[in-house]
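Order of the sequence lines sets the chain letters (A, B, ...), proteins ahead of strands, with each chain counted from 1. All values reported here derive from a predicted model rather than from experimental measurement.
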Number of protein chains: 2
Amino acid sequence: MLAGVLRIRDQALQALLWQRARPPHTHRWSLPGGRLGPGETVERSIRRQLAEKVDVRELTHVEQLSVFSAPERVPGKRVVATAFLGLIPCDADPTLPEDTAWHPVETLPATAFDHEEILLTARERLRAKLSYTNIGFALAPPRFTVAELRDIYSAALGYRVSATNLQRVLSRRGALEATGETVSSGPAGGRPPALFRFTSRDLQITDAFAVLRPPT
Amino acid sequence: MLAGVLRIRDQALQALLWQRARPPHTHRWSLPGGRLGPGETVERSIRRQLAEKVDVRELTHVEQLSVFSAPERVPGKRVVATAFLGLIPCDADPTLPEDTAWHPVETLPATAFDHEEILLTARERLRAKLSYTNIGFALAPPRFTVAELRDIYSAALGYRVSATNLQRVLSRRGALEATGETVSSGPAGGRPPALFRFTSRDLQITDAFAVLRPPT
DNA sequence: CAGGGTTTTCGTCTTATAATCGAAAACGTG
DNA sequence: CACGTTTTCGATTATAAGACGAAAACCCTG
């Protein structure tokens, strides 16, 4: 079991990796993970691994990605990995162990085994779900301005999105709501932005993406 | 490893099940499956299991569904299952073993373990993908009329869809093309329908379902 | 404290795609 | 050959997203 844990920081999508101290693939960077224990589901187990091994407890979303089973993905012995996508909000800052660090997915260091492929799969899953779910709640802080949310979406998707459209699309879907609060404007002045929040912290799929609807 | 194999027949979505002869859950119906062999991926393995155990070789689509890992899903011992969605076209008619049969997903018999949950997950996956992919190719025969395709989609989705919209939506996406042939009209007369086919037999995702597009 | 620059916000317009409707085409049957 | 039937296709309507610009609300400078 492995987890591709992603977050947004410094306008970039980052992944959590630890550097291997022992063979095989010494010094290369690995995804955190571990073995399934008795009496737990794989979802509970991967959360436990992340809490115990890299002290990450802020996961706002965890979902299964895929089973990776290429025969020689780990040279020498047969290892089948159940991979997960994990997300933590950009305001969370877990204290990481020495050998662990965040790396931008755009500029990954040398990774062990097929962990780069797993991370790219995780990124694609995240990007797809940003389109048709409210999964942004898992990346954003509890409250945020539209400009901050635009930066989060832009970094995750890899291209600039329009703050206007983002606001309107998410509001229309009922995913976003205004808190009524505003924050003071920045050093350059400008109208003070309003604070928003996601209406739900559970994954919800937009029904508008279902085409071929039942007749009314 | 287990497979929820689905097809359309008699205007209904059917699942392939075999009746258990031995405990636990004797006489209840199970999904086909088996153990991963050395040197094969889980996808190759599940295709091999289906070919060897229930003689099904007509799979037009196979994809991972989910890992099912509830601790007591198999009473007594720990069994983690990687579940798959498999599809076969409605014109295929594999010869099944004695203890194996098709059952409408709407009226499932008593199933073993969590296999009903797995089948419902498979059905939801299929229904979702009918909306935003060309996955209909895996259920339909090589060539078909629009009315036949409407019946296939209606049975899979669980509600009547409009033949007009189905034709236009799939054509607009470039998923459907006319063969130029027509078939003679039925006993009640009527204009002889044209034959269509899917342009691709590989899964393709509609780009139109991606919202928050990059700026032009 | 007035004016200019800045950022946010919101309404309007345009575009894209799907749903609905109805007429015309093309066949069998009596 | 008129009639019912089914398919096909164009026209219209509905819905949602993208683009654009004006107005709002702030800061800073002179």
Side-chain angles (χ1 to χ4, degrees), chain A residues 130-134 136 143-154 157 159-197 205-216, chain B residues 130-134 136 143-154 157 159-197 205-216:
Chain A
L130 283 171
S131 257
Y132 66 93
T133 72
N134 62 342
R143 297 175 310 162
F144 45 83
T145 68
V146 174
E148 287 165 358
L149 192 65
R150 163 177 45 73
D151 291 341
I152 291 172
Y153 272 71
S154 297
L157 290 170
Y159 54 79
R160 302 294 293 175
V161 300
S162 148
T164 297
N165 282 336
L166 183 63
Q167 214 264 47
R168 292 171 62 80
V169 167
L170 292 182
S171 295
R172 156 171 287 282
R173 293 177 177 178
L176 219 57
E177 69 184 3
T179 64
E181 307 158 282
T182 60
V183 67
S184 62
S185 48
R191 176 170 174 169
L195 284 179
F196 289 80
R197 64 168 158 252
I205 297 178
T206 308
D207 56 335
F209 103 107
V211 127
L212 301 171
R213 294 190 188 77
T216 50
Chain B
L130 284 171
S131 258
Y132 65 92
T133 72
N134 62 343
R143 297 175 309 163
F144 46 83
T145 68
V146 173
E148 286 165 359
L149 192 64
R150 165 179 42 77
D151 290 342
I152 290 172
Y153 272 71
S154 297
L157 290 171
Y159 53 80
R160 302 295 291 175
V161 301
S162 147
T164 297
N165 281 338
L166 184 63
Q167 215 263 47
R168 292 171 62 82
V169 167
L170 293 182
S171 296
R172 157 171 285 280
R173 294 178 178 178
L176 220 57
E177 70 185 2
T179 65
E181 307 159 282
T182 60
V183 66
S184 62
S185 47
R191 177 170 173 170
L195 284 178
F196 289 80
R197 64 168 158 250
I205 298 178
T206 306
D207 57 335
F209 102 106
V211 127
L212 302 172
R213 294 190 187 77
T216 52

Would you compute the distance between atom CD1 of A:I152 and atom CG of A:L157 and round it to the nearest 0.5 angstrom?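 Interatomic distance, A:I152 CD1 to A:L157 CG, rounded to 0.5 Å: 11.5 Å.
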[X]: what forms a side-chain hydrogen bond (donor to acceptor under 3.5 Å, both in side chains) with it, not counting sequence neighbours?
{"X": "A:S171", "answer": "A:Q167"}
{"X": "A:T133", "answer": "none"}
{"X": "A:T179", "answer": "A:E181"}
{"X": "B:S154", "answer": "none"}

Pull out every residue in residues 167-182 of chain B that has a heavy atom closer than 4.0 Å to any atom of DNA chain D, ordered by number, or say none. B:Q167, B:R168
Apply ring pair (Phe, Tyr, Trp, His ring centres under 6.0 Å) to A:F196 and list each qualifying residue two or more places apart in sequence or on a separate chain.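 Counting only residues at least two positions away or on another chain, A:F196 forms no ring pair (Phe, Tyr, Trp, His ring centres under 6.0 Å).
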Residues two or more places apart in sequence or in another chain: which of them pass ring pair (Phe, Tyr, Trp, His ring centres under 6.0 Å) with B:Y153? none
Side-chain donor/acceptor contact of B:S184 with base of C:dC27 under 3.5 Å: no
Who passes salt bridge (charged side-chain N to carboxylate O under 4.0 Å, His left out) against A:R197, sequence neighbours left out?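 Partners of A:R197 by the salt bridge (charged side-chain N to carboxylate O under 4.0 Å, His left out) criterion, ordered by chain and then number, come out as A:E177.
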Is B:T206 reaching over with its side chain to a backbone N or O of B:Y132, donor-acceptor style, under 3.5 angstrom?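 Yes; at least one donor-acceptor contact below 3.5 Å.
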Closest to the A:T164 side chain: D:dA17, C:dT20, D:dC20?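 Comparing D:dA17, C:dT20, D:dC20 against the side chain of A:T164, the answer is D:dC20.
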Separation of [X] atom [atom1] from [N] atom [atom2], in whole Å?
{"X": "A:N165", "N": "D:dG21", "atom1": "CG", "atom2": "C1'", "value": "14 Å"}
{"X": "A:L166", "N": "D:dG18", "atom1": "CG", "atom2": "P", "value": "10 Å"}
{"X": "B:R160", "N": "C:dT20", "atom1": "CZ", "atom2": "C1'", "value": "17 Å"}
{"X": "B:L149", "N": "D:dT8", "atom1": "CG", "atom2": "C1'", "value": "15 Å"}

Residue list, side-chain contact (heavy atoms from CB on, under 4.5 Å) with A:A147, at least two apart or on another chain: A:T145, A:R150
With A:D151, which residues qualify under side-chain contact (heavy atoms from CB on, under 4.5 Å), at least two apart?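 Residues passing side-chain contact (heavy atoms from CB on, under 4.5 Å) with A:D151: A:Q11, A:R160.
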Degree of bending, the helix from C:dC1-D:dG30 to C:dG30-D:dC1 (end axes from five pairs; round to 10°):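 Overall, the helix from C:dC1-D:dG30 to C:dG30-D:dC1 bends by 20° from one end axis to the other.
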Protein N or O to nucleotides 3-7 of chain D N or O, pairs below 3.5 Å:
unit_1: D:dT5; atom_1: O2; unit_2: B:G190; atom_2: N; d: 3.2
unit_1: D:dT6; atom_1: O2; unit_2: B:R191; atom_2: N; d: 2.9

Which part of the nucleic acid does B:S162 contact within heavy-atom distance under 4.0 Å: base, sugar-phosphate only, or nothing? nothing
